[in-house]
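Let me begin by presenting the structure, written as structure tokens, before commenting on it.
Chain A is the first sequence line, chain B the second, and so forth, proteins listed ahead of strands; every chain is numbered from 1.
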Amino acid sequence: MRLNTSQQQAVEYVSGPCLVLAGAGSGKTRVITNKIAYLIREAGYQARHIAAVTFTNKAAREMKERVAQTLGRQEARGLLISTFHTLGLEIIKREHAALGIKSNFSLFDDQDQMALLKDLTEQWLEGDKDLLNQLRSTISNWKNDLIDPVIAKARSHTQKDQLFAHCYDLYDKQLRACGILDFDDLILLPTLLLQKNEEARDRWQNRIRYLLIDEYQDTNTSQYEFIKLLVGQRARFTVVGDDDQSIYSWRGARPQNLVLLKEDFPALKVIKLEQNYRSSGRILKAANILIENNPHIFEKKLFSELGYGEHLKVISADNEEHEAERVIGDLIGHRFANNSHYGEYAILYRGNHQSRIFEKVLMQNRIPYKISGGTSFFSRTEIKDIMAYLRLLTNPDDDNAFIRIINTPKREIGPATLQKLGEWATKRSVSLFHASSDIGLTEILSGKRLESLTTFITWFSDLMTRIETEPFEVVQALLHGIHYESWLYETSPSPTAADMRMRNVEQLFTWLGEMLRGDDLDEPMTLAQAVSRFTLRDMLERNESEEENDEVQLMTLHASKGLEFPYVYLVGMEEGLLPHQVSIDEENIEEERRLAYVGITRAQKELTFSLSRQRRQYGETINPEPSRFLLELPQDDIQWESQKTQVTAEQRMIKGQSRLSALRAQIEKAKNS
DNA sequence: CTTACTACAGTTTTT
DNA sequence: CTGTAGTAAG
């Protein structure tokens, strides 16, 4: 397919700063991919001087694949395509000397972060979860606004802020002492470095001569600063974004960065992509009319040439169960009538808890489905254990990892021993691991404890010396050496659970092996690199995308961004749910509207809303109003389908069930014939 | 290894 | 109110 005029224009404008306002489904990935090809083939850039930055590993991976397809592996060699965080990690790794940190640092995820904060603040916050969460996000916000502990203290006036700033200081000192970075550091540290260190700035500006940014509207303050420092005076860059799809402001994203861009780079060329290649005209019209209720920085009007399409439907139900039944019933009927596949349907909702009831009804009807989200692979205990071992292997100063694994599996090194060891280590200001190999330990530890500790340290040190030369063997030896499998069987609630945990561990090792070896898109990595990538949650999507089963997709609106489905159900269209109760005020309503907009624009052919006139909430039954967003849509394009007959819940259940089972029988019959 | 009770949360979560 | 995660006890 050829590029349209504005896409072509966006691809070929390479002489200055460029902002591509890419509406939903307007082919922005194609623009980025083609632009990279254009830069190399027509504009004289070498691949190694071009960097493209995304927010998710998945997006980075897709882009890599698309570019490799367009250019061929050879020409694409040396291109830097990664997430913000991975790019930051790369810079930190190369500049660790200038940053004054060790080369073998390890990474903290949010759970590690919480655990440490809880530890550090025990005396003040007493494990108050709410306060801890506040503290964590406050620290994160400070870091995202490039505010260090000293400035934070100076700017804190209330007692609580003072305390938080103090905790921030403690937390950061602890991290530095252990050679640990958190996610925010991966942006913060490179940004500070490029600000202060002219040489480093030159080095990186010379390395990255053309920069492309995807989903620009999701950048936060430090990321924008980071971008500015990377592009420098030369200002050769393209950012692609859509202010109407900014749904992460609660996480620090600043859609205002679009305005700042225009101010900071007066020469900015703005190109709008307004042709939508995804949705029917009617769906797009509804989306346009809805989003017009929001103020806009740049006016933009999407159009489609795919035909006007079917009416939008609204299914109104009497209660939540009924809503799920009617939606699923509609889906089954629709699939049957259109001879379509389950995989073409998506059910989108505002909050994760809404999925449960749909899951139940889907299960009752034996419909295959997939819920994205839920507990992450990397937050499972068995994975966290192994990750802690791997982290300690690459960074012996990682005290948190040390504490986690020193007695897992049991080595008779309990809290008392650890306490003594900790005091000793603090006095000498060395890490726990370091302290453990100190000869002076005989002063504080005796016989048995000392022996088990030294046995472990000796064995582990031996592994550490070999990670560079024979990482495979080390990883194998690690798993055997700790007898992790038998430990799992001892501690798991059931053998089946242990089996599952062991499979998870094996999965981790399979991925690890792949990463150490490298594949056609990625170079082989060192163990340290692989461990960092794991913490950055890389790897997960790789497997997910392989299993393209025929399953109904269930996900939150947030998770649906960037995806598309032929048939979409947008459920729970009620005041209090979408817009959500706590975001219903003047300040947040616009983002809720964008959330609805994102949901609507996921649909390619047909879009169905649903709502319930009754909902259980915190023990009460409430009667929510239909979402204001439904009323904002063009009513001529909507068909309201409400249940006319008044029946009791029980009758409805039987009726719904029998209708569904009748349909199922019909389908089975059709299949067999 | 299962069962039962208690405590707690109940918006979204790219890294 | 209701579901679940974690722990304690059978």
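- At a threshold of 4.0 Å, the pair A:Arg594-A:Asp244 does not count as salt-bridged, since none of the basic side-chain nitrogens sits closer than that to a carboxylate oxygen.
- The base of B:dT15 lies outside donor-acceptor range of the side chain of A:Arg533, with no N or O pair under 3.5 Å.
- Going from atom CZ of A:Phe55 over to atom P of B:dT12 covers 21 Å, rounded to whole Å.
- Distance CG (A:Leu186) to C1' (B:dT15): 8 Å, rounded to an integer number of Å.
- The side chain of A:Thr83 contributes no N or O atom lying less than 4.0 Å from OP1 or OP2 of B:dT14.
- Nearest to the side-chain atoms of A:Trp250 among the listed nucleotides B:dT15, B:dT13, B:dT14 stands B:dT13.
- The CD-C1' distance, from A:Gln614 to C:dC1, rounds to 14 Å in whole Å.
- With contacts defined as side-chain heavy-atom distances shorter than 4.5 Å, the pair A:Leu570/A:Leu557 qualifies.
- Residue contacts shown for A:Tyr248 include a base, since a base heavy atom lies under 4.0 Å away.
- Between the P atom of B:dT13 and the CE atom of A:Met555 lies a distance of 11 Å, rounded to the nearest Å.
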Produce the list of close N/O pairs, under 3.5 Å, pairing protein atoms with atoms of nucleotides 9-11 of chain B; give distances to one decimal.
residue, atom, partner, partner atom, Å
B:dT11, OP2, A:Tyr618, OH, 3.3
B:dT11, O4', A:His580, NE2, 3.2
B:dT11, O2, A:Arg350, NH1, 3.1
B:dT11, O2, A:Arg350, NH2, 2.3

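- Counting to the nearest Å, the P atom of C:dT2 and the CG atom of A:Asn319 are 13 Å from each other.
- Residue contacts shown for A:Asp218 include a base, since a base heavy atom lies under 4.0 Å away.
- Here, C:dA5 and B:dT12 have their C1' atoms 22 Å apart, quoted to the whole Å.
- Between the C1' atom of B:dT12 and the OH atom of A:Tyr597 lies a distance of 20 Å, rounded to the nearest Å.
- Side-chain atoms of A:Asp184 and A:Ser140 form a donor-acceptor pair, as typed in the model, at a separation below 3.5 Å.
- Residue contacts shown for A:Asp109 are absent, as no nucleic acid heavy atom lies under 4.0 Å away.
- Using a 4.5 Å cut-off on side-chain heavy atoms (C-beta onward), A:Leu258 and A:Leu19 make contact.
- At least one side-chain heavy atom of A:Glu632 sits under 4.5 Å from a side-chain heavy atom of A:Arg593.
- In the displayed structure, A:Glu625 atom CD is contacted under 6.0 Å by at most 12 heavy atoms of other residues, nucleotides or ligands.
- The pair A:Lys384-A:Asp112 counts as a salt bridge, with a side-chain nitrogen and a carboxylate oxygen less than 4.0 angstrom apart.
- Rounded to a whole Å, the CG atom of A:Asp182 is 21 Å from the P atom of B:dT13.
- Rounded to whole Å, the C1' atom of B:dT13 lies 24 Å from the corresponding atom of C:dT2.
- Protein atom CD of A:Gln354 is 9 Å distant from nucleotide atom P of B:dT12, rounded to whole Å.
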